Amino acid sequence: MSLVVQKYGGSSVSDAEALKRVARRIVDTKKAGNDVVVVVSAMGDTTDELLDLASQVTDNPPAREMDILLTAGERVSMSLLAMAVNELGVPAHAYTGQQAGLRTDNQYGKASIVGIVPERIARDVKDGSVAIIAGFQGVNELNDVTTLGRGGSDTTAVALAAAMHADVCEIYTDVDGLFSADPRIVPSAHRIQSLDYEETLELAGQGAKILHLRAVEFARKYNVPLHVRSSFSELEGTWIMNKDERGLEAPIITGIAHDRSQSKLSILGVPDVPGKAAKVFGKVAEVGANIDMIVQNVAATEPNKTDISFTLPADSAELALEAIRGMKDDLQYREVTYKEKVGKLSLIGAGMRSHPGVSARLFGALANTGINIDMISTSEIRISVVVGIDQLDEAVRAVHSAFDLDAEDTQAVVYGGTGR
């Protein structure tokens, strides 16, 4: 008998019929001889609808009250799913994050899990019931409800799987696993059979939306095997595990991730002396913006001057821009420029370590398509480039074809429309 943790995203439980379909899958897993713990997201667009309601009431909702509001969506779906499983003759009980023993820090809106004591869940499973837990939420030391931020249900599921020593954590979404590129952009993308944690972290960190970064970090830290599948089909999906357990030589290129949520700031004509960059990034950190890519070059036309460019999430770019403009006297720069939206393409594969020529092939594919590169950054298994936002989709398709990643037959099907 195995312990299986299953997580179902919002598109998988979007309405009553979808809930019934998921309930049948849960019951099938249970009848196959497994113990089952389920983590569920809010139904469909419920979270967005709750955010819209809050915006109609106030422009500045208190963070504590917002967390109480947003956790309501998962409570609805967990209770309905438990009813659907019970209707099929298998006992099931619904639990909030607090009841499931998820303890977090006090950071409302983006709390981190600091401990899990799933005693109640473990007793339920031992008694033969299916435990269904509301994802995305926990409770802090003040006994206040907290939310885990974007991808919180993935993180809930993997953390529970780690705490309960589950044999596998199945992440159910509305595509048949992880693909070599986003199937909405590249219909010929092929399904990836298996990945290691390192490659998956790079894909998640560079914009792939199927798995959240924190969930993958949890899985790697506690060696939790992940199985990404569609709740709309019976196809095998993608396995994510320790690279030693894959038993396969890593392909040169695993896949391509893209991100259209970045902005770019450039500070031109900064005196080329020690300490200026530290001041820039210290100020950006003060406003809570996370830097992604950084390029610093000696200014070609200005002696003893340097230009500093960096990308960051678009939702924090305005704050960073305002802060940098407020430092003009201190930094003594000539001007600051701002691109509200840029596109980032990331080529990822563990095989890069041992295969030369990957960069040349990437840049050649973009050049042949007439796409100019604005910024470049690399790691051992990744090359990322910034291109114009209006050319991003074309760039992804060109690079995907250049590295022979296109499937012979169309494989990618998006059942629910969102990828989550």
Side-chain angles (χ1 to χ4, degrees), residues 175-196 198-211 238 248-264 266 292-295 297 309-311 314 339 341-414 419:
V175 290
D176 293 315
L178 289 170
F179 283 78
S180 53
D182 188 332
R184 296 161 193 77
I185 294 176
V186 186
S188 59
H190 72 270
R191 181 179 59 81
I192 303 169
Q193 292 184 346
S194 66
L195 287 162
D196 63 34
E198 186 180 18
E199 291 171 310
T200 311
L201 280 169
E202 287 284 11
L203 283 166
Q206 302 306 317
K209 303 253 188 297
I210 299 302
L211 276 173
T238 301
L248 299 170
E249 183 176 353
I252 301 175
I253 299 302
T254 297
I256 301 169
H258 73 279
D259 188 352
R260 58 180 85 252
S261 66
Q262 298 276 312
S263 296
K264 177 188 173 186
S266 296
D292 185 13
M293 299 171 66
I294 302 172
V295 172
N297 295 312
S309 297
F310 56 93
T311 61
K339 286 186 179 179
K341 289 286 186 181
V342 295
K344 183 175 73 170
L345 178 153
S346 297
L347 190 67
I348 295 157
M352 286 187 193
R353 291 189 178 101
S354 55
H355 289 79
V358 172
S359 298
R361 197 168 177 182
L362 166 64
F363 301 146
L366 295 174
N368 291 337
T369 318
I371 295 172
N372 190 46
I373 298 171
D374 198 0
M375 299 175 71
I376 303 168
S377 73
T378 65
S379 74
E380 275 194 318
I381 65 168
R382 172 186 55 80
I383 305 171
S384 295
V385 297
V386 169
V387 300
I389 189 70
D390 58 333
Q391 295 181 305
L392 180 60
D393 290 3
E394 184 181 7
V396 171
R397 288 189 287 267
V399 174
H400 195 270
S401 295
F403 283 89
D404 301 319
L405 297 175
D406 294 326
E408 293 183 5
D409 299 316
T410 300
Q411 293 190 13
V413 178
V414 182

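If you're wondering where the values come from, they're calculated on a predicted model, not measured in any experiment. Just so it is clear, the values below take in all heavy atoms, side chains as well, and ignore hydrogens, waters and symmetry mates.
- Results of the side-chain contact (heavy atoms from CB on, under 4.5 Å) test with Leu345 over Ile371, Val385, Val387 single out Val385 as the only residue that passes.
- Judged as a salt bridge (charged side-chain N to carboxylate O under 4.0 Å, His left out), the pairs with a partner in residues 366-384 (not counting sequence neighbours) are, in order, Glu202-Arg382, Lys264-Asp374, Lys339-Asp374, Arg353-Glu380.
- The shortest side-chain heavy-atom distance between Ser180 and Val186 does not fall under the 4.5 Å cut-off.
- The shortest heavy-atom contact between His400 and Ala181 is CD2-CB, 3.6 Å.
- The distance from atom CG of Asp196 to atom OG1 of Thr254, rounded to the nearest 0.5 Å, is 7.5 Å.
- One distance of note links OG of Ser379 with CD1 of Ile348; it measures 8.0 Å at 0.5 Å rounding.
- The two residues Asp259 and Ser261 come nearest to each other via the heavy atoms OD1-OG, 2.6 Å.
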Atom pairs and distances, side-chain donor-acceptor, residues 388-399, under 3.5 Å, sequence neighbours left out:
residue: Asp393; atom: OD1; partner: Arg260; partner atom: NH2; Å: 2.6
residue: Arg397; atom: NH1; partner: Ile185; partner atom: O; Å: 3.3

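- His190 places a side-chain N or O within donor-acceptor distance of the main-chain N or O of Leu405, the cut-off being under 3.5 Å.
- Residues Met293 and Lys344 meet the side-chain proximity criterion, which asks for heavy atoms closer than 4.5 Å.
- No donor-acceptor pair closer than 3.5 Å links the side chain of Ser309 to the backbone N or O of Val295.
- No donor-acceptor pair closer than 3.5 Å links the side chain of Glu198 to the backbone N or O of Ala350.
- Counting heavy atoms from C-beta outward, Val342 and Met375 have side chains that stay 4.5 Å or more apart.
- Looking at Phe403 and Ile256, their side chains never come closer than 4.5 Å, going by heavy atoms from C-beta outward.
- In this structure, the side chains of Met352 and Ile383 come closer than 4.5 Å at one or more pairs of heavy atoms.
- Listed for the Thr238 side chain is a donor-acceptor partner under 3.5 Å among the backbone atoms of Leu178.
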